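Data first, discussion second: the structure below is written as structure tokens.
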Amino acid sequence: MAVDWSRIHASRSFSALTLPLAACSFFYGLGVRLDRARHHRLGADRLPGLVVSIGGLTAGGAGKTPAAAALARWALGRGRQVAVLSRGYGRKRGGPLVVVSDRDRIRADVAEAGDEPLMLAGMLPGVPVVVSRRRSLAGRLARREWGSDFFILDDGFQHWAVERDLDVVLLDAADPVGNGRLLPWGPLREPISALERADVVVLTRSNPDMKGREPADTLLERFPGLPCVRSMHVPSVVAFPGRGLEHPAGYLQGRRVAAFCGIAGPGVFRETLASLGAEVAVFRPFRDHHLFTQADVKEMVGLFRESGADALITTEKDWMRAGAFLAGEQDAGFLRITMEFHSGADVLFDMIGT
């Protein structure tokens with residue numbers, strides 16, 4: 001049976017797993033400190049342009065991909081030559097440097113690119129997306145090939161090999177650090193004290209109608225003077241690639257859907273569908289970054305048909321990994337999420353400048 005890591009990372013109680021997980025967290029934290037010290041000794045590469053890192057403290061779930069896309073669109077609107085540089089987490093093949101997309105087309109598949117870079121390439125037509133474990137190589141290629149002068153480090157807070165002009169750290173407003181423990185006991189990639197390196201924090205999934213404080217506000221009291229921007233994730237489009245159609249997200253109002261996803265915090269996706277007025281007849285969560293097989297998708301199509309639902313819906317990121325098996329399903333599609341700022345955005349953009 002698969003381990004429910006989301007439950008473990010949220011739990012503050014003790015169990016039979018606590019001691020081994022705590023031991024693993026200790027050694028994980030030691031490894032993080034050693035890696036940080038090694039990069040400090042070696043120094044960081046400087047790219048020929050403005051470098052903004054979009055990153056987080058936790059493993060998954062904060063919404064870094066919509067944030068990177070929102071920042072790229074803002075910079076494009078100000079005439080900058082934008083390139084997105086990513087590690088390409090989860091990719092299965094391809095060389096040390098892969099151009100996922102250039103200004104004209106997408107040039108890689110999910111196995112070569114990884115799901116999130118491929119998703120960014122689809123969201124940002126005309127913006128080069130390049131993956132490499134050495135993002136300085138990716139940045140120099142982007143400069144040489146397309147004259148890029150505005151580099152976005154996707155998931156870059158723990159990538160110390162490249163100097164950055166601004167470190168933007170995303171925190172979920174309602175659940176910023178889970179149980180506050182390091183991986184694998186908790187969701188943290190670094191201790192909470194790492195926020196001292198941040199230049200600005202963006203709270204994601206912040207509720208503009210909420211009266212009073214959100215859980216992340218209590219955490220940020222420990223870092224007085226750290227600028228804070230509030231944002232929310234907004235369902236924007238439901239796309240049906242087999243039909244070549246896109247509809248406003250409100251299209252799901254009153255429709256019966258079967259849904260599946262392989263993301264951190266799958267419950268958020270289900271809640272989003274319900275908030276749009278969809279009746280969720282079937283919901284199947286998979287582990288984060290699950291590599292879908294034809295059998296997985298065949299099972300979901302079978303459940304969809306048995307349920308009599310109107311549509312089979314997944315997330316845009318999951319479509320990158322499952323869409324090839326759904327090419328013949330005209331009623332299968334994905335929900336696109338965009339980021340909208342509702343407080344403090346001027347602080348962020350003033351820090352970046354033009």
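Keep in mind that what you see is a predicted model, and the values were worked out from it rather than measured. The first residue of the sequence shown is numbered 1, and numbering continues consecutively from there.
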So how far is it from [X] [atom1] to [Y] [atom2], rounded to the nearest 0.5 Å?
X: L76; Y: W74; atom1: CG; atom2: CH2; value: 11.0 Å
X: L50; Y: L166; atom1: CG; atom2: CG; value: 8.0 Å
X: S101; Y: M123; atom1: OG; atom2: CE; value: 12.5 Å
X: L183; Y: I8; atom1: CG; atom2: CD1; value: 11.5 Å
X: F157; Y: R164; atom1: CZ; atom2: CZ; value: 8.0 Å
X: L170; Y: D155; atom1: CG; atom2: CG; value: 10.0 Å

How close do [X] and [Y] get, counting heavy atoms only, and between which atoms?
X: G333; Y: P241; result: CA-CD, 4.2 Å
X: M339; Y: S231; result: CE-OG, 3.6 Å
X: L203; Y: A173; result: CB-CB, 4.1 Å
X: G180; Y: L188; result: O-CD1, 3.3 Å
X: G139; Y: F151; result: O-CE2, 3.4 Å
X: A83; Y: V127; result: CA-CG1, 4.4 Å

*Stepwise, does the salt bridge (Lys or Arg N to Asp or Glu O under 4.0 Å) test hold for R46 with D165?*
CA-CA 10 Å; R46 179 70 208 177; D165 297 284; 2.8 Å; yes
Checking the side chain of [X] only, and the main-chain atoms of [Y] only, is there a donor and an acceptor separated by less than 3.5 Å?
X: T58; Y: P187; value: no
X: R103; Y: W146; value: yes
X: D346; Y: F349; value: no
X: S25; Y: W185; value: yes
X: Y251; Y: V237; value: no
X: S86; Y: P117; value: no
X: H342; Y: S206; value: yes
X: H9; Y: P184; value: yes
X: R270; Y: P266; value: no
X: R36; Y: Q158; value: no

Hydrophobic cluster identity match, [X] and [Y], side-chain contacts under 4.5 Å:
X: L226; Y: L57; answer: yes
X: F286; Y: V282; answer: yes
X: F14; Y: L17; answer: yes
X: I54; Y: L153; answer: no
X: V52; Y: V202; answer: yes

*Row check, F334 ring normal vs R336 NZ/CZ: under 6.0 Å, within 45°*: no
Should [X] and [Y] count as side-chain neighbours, where that means a heavy-atom distance under 4.5 Å?
X: P191; Y: L182; result: yes
X: E112; Y: L118; result: no
X: D331; Y: F304; result: yes
X: M300; Y: E329; result: no
X: R80; Y: D149; result: yes
X: E145; Y: V99; result: no
X: L171; Y: L195; result: yes
X: I337; Y: E316; result: no

Salt bridge check: are [X] and [Y] linked by an N-O gap of less than 4.0 Å?
X: R87; Y: D154; answer: no
X: R197; Y: E190; answer: yes
X: E214; Y: R205; answer: no
X: K92; Y: D109; answer: no
X: R230; Y: D217; answer: yes
X: R284; Y: E299; answer: yes

*Could you please spell out the steps behind the salt bridge (Lys or Arg N to Asp or Glu O under 4.0 Å) verdict for K317 and D288?*
CA-CA 10 Å; K317 185 170 82 167; D288 193 18; 3.7 Å; yes
*Taking only residues two or more places apart in sequence or in another chain, which ones pass ring-ring contact (aromatic ring centres under 6.0 Å, His included) with F223?*
none
*State, without any angle test, whether S307 and R256 hold a side-chain donor-acceptor pair at a distance under 3.5 Å.*
no
_D167 vs S53, side-chain hydrogen bond (donor to acceptor under 3.5 Å, both in side chains): CA-CA, chis, key distance, verdict_ = CA-CA 5 Å; D167 256 316; S53 165; 3.3 Å; yes
_Other residues, nucleotides, ligands: >12 heavy atoms within 6.0 Å of R73 CZ_ = yes
*Would you sort out whether I352 and L71 count as a side chain to side chain contact (heavy atoms under 4.5 Å, CB included), showing the intermediate values?*
CA-CA 10 Å; I352 297 172; L71 177 60; 3.5 Å; yes
*Partners of D318 by salt bridge (charged side-chain N to carboxylate O under 4.0 Å, His left out), sequence neighbours excluded?*
R321
_Pair T18-L21, side chain to side chain contact (heavy atoms under 4.5 Å, CB included): steps then yes or no_ = CA-CA 5 Å; T18 297; L21 286 175; 6.0 Å; no
*Using the side chain to side chain contact (heavy atoms under 4.5 Å, CB included) rule, take L312 and L326 through it: C-alpha gap first, then chi angles, then the decisive distance, then the call.*
CA-CA 10 Å; L312 175 61; L326 289 166; 4.0 Å; yes
*Given the rule in the side chain to side chain contact (heavy atoms under 4.5 Å, CB included) test, do L47 and R143 qualify, once you have shown the distances and angles that lead to the verdict?*
CA-CA 9 Å; L47 291 178; R143 177 69 171 200; over 6 Å; no
*F240 vs H247 aromatic rings, parallel, tilted or perpendicular, using cut-offs 30° and 60°?*
perpendicular
*Could you tell me whether F325 and F292 have their ring centroids closer than 6.0 angstrom?*
no
